[in-house]
Amino acid sequence: MKDHGRGSDAKMMAKRTEKTSPRLRKIHSYLWEIERSGGMRVPGRIFISESMIDRVCSDGGLDQVVNVAHLPGIVGYSFAMPDIHWGYGFPIGGVAATDPAQGGVVSPGGVGYDINCGVRVATTHLERADVERKLEALVTSLFRHIPTGLGSSGAIRKVSSKELDRVMVIGARWAVEQGYGSKGDLAHTEEEGCLGGADPSAVGQRARSRGCEQLGTLGSGNHFVEIDVVEEIYHKEAAREFGLRPGQIALQIHTGSRGFGHQVCDDYLKVMARAVRKFNLQLPDRQLACAPVESAEGGAYLAAMACAANFAWANRQTIMALAERAMLECLGMTPRDLGLTLLYDVCHNIAKLEDHEVGREVRRLCVHRKGATRAYPPRGVKNPWRTGQPVLIPGDMGTESYICVGQEKSLRETWGSTCHGAGRMMSRKGAIRKARGRNIKQELRRLGITVRYEGRTTLAEEMPEAYKDVDEVVRTCHGAGISKMVARLKPVGVMKG
DNA sequence: ATGTGC
């Protein structure tokens, strides 16, 4: 339990050779099943196209789907989305629901280190031609207004520990109260930007001190702020409802709960390791450390996790307002002319108590989505969407992002979930090796993408080849019917940590 | 992902 996050390449190899790849049985072109065996409480189900199977089998993620199927109280299936890859305990792209009334557990490994990592997209009144010759200046302006990079801080004034308590409890609304964005943004945010059950007393001192200075900061790695062009519309009715039209400029933000959520995860992994012994839980991998939802440990994690989720929503709300200032300053426009309007903000790393149909009855389940996005049809979402909940799928910095919409089928088949993005294919080290001697910035420039970045190795680590084909991932979910494609966005100006 | 390690 001490070795997480270190020497990941060697460790992944060890994991891979531990077991042979589980056998996949075809259900249909986009869905494969792993039969129950050994201590598995449920089968595994992987949404994937035939052409991606080889890659998935070589990565160790499938063994993790099997491991997750062992969790106490798991219901239905251990799911994986097509962007599945190896992660801490759970695969990234994993979805699992447990029933608290049946001893169901909650596991920090099923949420991930970056609690409520997520995406928001805002539309504008601008057209491609309005920004085409100003992209360099725009990205520079974004950089000036939004602190970026590992350990970045000081975006907005440092908040006191007491004020941080309020951020933890009210989430995005805190940012709105501070003048970052408007109240209407909240209706266009998952959970209205505030997950219930947050209890600041469950959050430790270290997490607090990291959180106090990191509100309104982007971070590093795959986090970004992007200027996009709406390149294609697939679903006219939803596009109209979402306010999307071809040629339009949009703003996209991908970030999470920064060091705050990271520290919360770290703290509770230790709590859970003790809980596993206390409750004598039998797990195939210690990284699946967990506790019953209805135990003190499980409840404390969920309360602290909600604090981190709310921090992340406040963070993205703040960053959107900082980005608006950057755009206004650079383009010399009024807010009215720019017309920046939040389309939606959705998270892809979280565990939530949700009501779902299990057989003929509705049960309250603890749904883990780790690198998976909620994708509800109009039914069940407390917001104004007629066509369904917007689903935001970011690509890597050289490829397009997708906007999709939730479907009835996802609610029936995957606890209302779909994929979250392209998913990493190459290790960070591997990508750096591959990029040696190349000028990635210039390569992107030739693709019509202006990029500025902070970290020395960021551009290599995040180069397009390090990621799977987001197009294939999104089409698989579309084909399986768990989310429907609405629009494709092409990046033209990218700011990376 | 992450003040990249106790």
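Below, chain A is the first sequence line, B the second, and so on; all start at residue 1.
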Cut-off 3.5 Å, side chains only: do A:Asp114 and A:His223 have a donor facing an acceptor?
-> yes
Could you tell me the separation between the OH atom of A:Tyr88 and the C1' atom of B:dT4, rounded to a whole number of Å?
-> 15 Å
May I have the distance from A:His223 (atom NE2) to B:dT4 (atom P), rounded to whole angstrom?
-> 17 Å
Between atom OH in A:Tyr113 and atom P in B:dT4, what is the gap in whole Å?
-> 13 Å
Measure the distance from CG on A:Leu269 to P on B:dC6 and round it to the nearest whole Å.
-> 13 Å
Indicate whether the side chain of A:Asn349 and that of A:Tyr113 have a donor and an acceptor atom separated by less than 3.5 Å.
-> no
Round to a whole Å and report the spacing from CZ of A:Arg428 to P of B:dT2.
-> 9 Å
Atom pair distance, as rounded to whole Å: CD1 in A:Ile92 and C1' in B:dT2 | 13 Å
Starting at CD of A:Glu462 and ending at C1' of B:dT2, how long is that distance when rounded to a whole Å?
-> 14 Å
Report the distance from atom CG of A:Asp266 to atom C1' of B:dG5, rounded to the nearest whole Å.
-> 12 Å
For A:Val169, check side chain to side chain contact (heavy atoms under 4.5 Å, CB included) against everything at least two apart and list the hits.
-> A:Pro200
What nucleic acid atoms does A:Gly256 come within less than 4.0 Å of, heavy atoms only: base, sugar-phosphate, or nothing?
-> nothing
By salt bridge (Lys or Arg N to Asp or Glu O under 4.0 Å) - contacts of A:Arg445 (at least two apart) | none
